[in-house]
Amino acid sequence: MSTTKLPASYYQHDDVVFLAKDLIGKTIVSMVDDQRTSAIITETEAYRGVGDKACHAHLGRFTDRTKIMYETGGVAYVYLCYGIHNLFNIITNTNEQADAILIRAVEPVDGIDVMLARRGKSTVDKTLTSGPGNFSKAFGLDRSHYGADLTGDTVWIASTPITSTPLSDLASTPLNYRSEQITTSKRIGIDYAEEDKDLPWRFYLNTSKFVSKR
DNA sequence: GAAACGATTTACT
DNA sequence: GTAAATCGTTTCA
């Protein structure tokens, strides 16, 4: 298992769309309730701060929920969606741009038994960690992790190389990715965002089974 | 204080 | 494809 935790400076890059694509293939790790889980990031979406109609911080909206988005990049933004699902985001950039990246799907590597228990499942299939609500639940992430420091020891991201063996029967993920293995599309579930709803700011690893929607 | 609204998931027709 | 579940956040009065 790689221990190359990404530093705070990584998250402070000023192009959230670039970072959303760059995160594909990296490893995300959580240590919650003394249980470690890790997985390869397979699907993300970029939300570009105050200028993006799909972003919760559009036009500088500043509330108890969104205030963390204005922090310096490298913290978590977790919120409850539809009263049911905790959605996990990474805040990026500096200068209070309120940029965020939503983690939409991952491919399990370590702690699969823990993920199964948290999801109430007995067998692994793509629904274990595909879809932002399912990913967060499998990783034990909820609003108690609002504002979590991604350079801390609860939830973080590690760069490749990945030394653990991915799921042998379900994973098809190589350790290095070429651009044609990453598909770009419009974001999911934001049709209210008017002229910004079709921006190509969703990325997924098209060689993985662990993707929410094709 | 009241009401509408989701960056979703799952089950059912 | 359609619909229900479910509740904190936001907006409006």
Side-chain angles (χ1 to χ4, degrees), chain A residues 11 16-21 23-24 28 39 41-71 73 75-93 97-108 115-148 150 155 157 183-205 209-214:
Chain A
Y11 301 103
V16 68
V17 178
F18 167 84
L19 281 179
K21 185 173 182 179
L23 283 172
I24 300 294
I28 185 164
I41 297 171
T42 55
E43 180 181 348
T44 62
E45 281 178 0
Y47 287 82
R48 193 150 71 184
V50 301
D52 177 4
K53 283 194 173 182
C55 183
H56 292 158
H58 179 53
L59 297 183
R61 186 195 299 130
F62 191 94
T63 66
D64 281 343
R65 182 178 70 157
T66 64
K67 59 187 178 185
I68 201 69
M69 302 181 77
Y70 298 86
E71 294 293 312
V75 297
Y77 166 48
V78 187
Y79 74 97
L80 188 67
C81 185
Y82 291 99
I84 305 170
H85 307 290
N86 290 283
L87 270 58
F88 180 86
N89 297 254
I90 292 162
I91 300 305
T92 71
N93 209 338
Q97 290 302 296
D99 290 350
I101 297 170
L102 172 68
I103 304 297
R104 290 192 54 91
V106 302
E107 183 164 311
M115 298 186 208
L116 286 169
R118 287 176 177 150
R119 295 277 287 114
K121 291 175 171 291
S122 56
T123 58
V124 176
D125 61 52
K126 63 163 283 187
T127 67
L128 181 65
T129 54
S130 299
N134 291 338
F135 154 70
S136 298
K137 190 170 184 182
F139 265 55
L141 299 170
D142 58 33
R143 280 166 302 144
S144 72
H145 301 100
Y146 180 92
L150 298 179
V155 55
I157 296 173
T183 295
T184 301
S185 79
K186 57 189 281 188
R187 295 173 291 180
I188 304 295
I190 54 145
D191 284 349
Y192 57 81
E194 302 178 12
E195 71 268 25
D196 289 339
K197 71 181 178 63
D198 294 324
L199 289 170
W201 289 353
R202 172 179 179 236
F203 303 97
Y204 63 87
L205 187 65
K209 293 181 169 66
F210 292 84
V211 171
S212 64
K213 297 180 181 178
R214 296 285 167 178

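All chains are named by letter (A, B, ...) in the order of the sequence lines, taking the proteins before the strands, and each is independently numbered beginning at 1.
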Given that both pair distances must be under 3.5 Å and the pair must be Watson-Crick or G-U, what runs of three or more consecutive pairs involve DNA chain C?
B:1-6 with C:7-12, B:8-12 with C:1-5
Can you tell me how far apart CD1 (A:I90) and OH (A:Y77) are? Round to the nearest 0.5 Å.
14.0 Å
Quick one: does A:T42's side chain get under 4.5 Å of A:Y204's, heavy atoms only?
no
Checking all strands, does A:L87 fall into the base, sugar-phosphate, or nothing category for heavy-atom contacts under 4.0 angstrom?
sugar-phosphate
Using only side-chain N and O atoms of A:R65, determine if any of them is under 4.0 Å from OP1 or OP2 of C:dG8.
no
For A:S185 and A:K213: C-alpha separation, side-chain torsions, deciding distance, then whether side-chain hydrogen bond (donor to acceptor under 3.5 Å, both in side chains) applies.
CA-CA 10 Å; A:S185 79; A:K213 297 180 181 178; over 6 Å; no
Answer whether the closest heavy-atom distance between the side chains of A:Y11 and A:V75 falls below 4.5 Å.
no
Any base atoms under 4.0 Å from A:L102, or only sugar-phosphate, or nothing? Heavy atoms, all strands.
base
On DNA chain B, reading 5' to 3', which nucleotide is the first and which the last to sit with an atom under 4.0 Å from a heavy atom of chain A, could you check?
B:dG6 to B:dT10
Can you tell me if A:T63 touches the phosphate of C:dT9, counting only side-chain N or O atoms and a distance under 4.0 Å to OP1 or OP2?
no
Interatomic distance where CG belongs to A:L59 and C1' belongs to C:dT10 [whole Å]
15 Å
For atom CG of A:L80 and atom P of C:dA5, their distance in whole Å
17 Å
Please check this pair: side chain of A:E45 against backbone of A:I188, looking for a donor-acceptor N/O pair closer than 3.5 Å.
yes
Spell out, as yes or no, whether a donor-acceptor pair under 3.5 Å connects the side chain of A:T129 to the backbone of A:V106.
yes
Is the side chain of A:E43 donor-acceptor paired with the backbone N or O of A:S212 at a distance under 3.5 Å, no angle test?
yes
In whole Å, what is the span from the NE2 atom of A:H85 to the P atom of C:dG8?
14 Å
Parallel under 30°, tilted from 30 to 60°, perpendicular over 60°: which one fits the rings of A:F135 and A:F139?
tilted
Within this structure, what is the NE2-to-P distance between A:H56 and C:dT10, rounded to whole angstrom?
9 Å
So, is A:R61 close to the C:dT9 phosphate, meaning a side-chain N or O under 4.0 Å from OP1 or OP2?
no
Rounded to whole Å, how long is the line connecting atom OH of A:Y79 with atom P of C:dT10?
11 Å
Contact class for A:N134 vs. all strands (heavy atom < 4.0 Å): base, sugar-phosphate, or nothing?
sugar-phosphate
Would a 4.5 Å heavy-atom cut-off, applied to side chains only, mark A:M69 and A:C55 as touching?
yes
By the 4.0 Å heavy-atom rule, please label A:R202 as base, sugar-phosphate, or nothing.
nothing
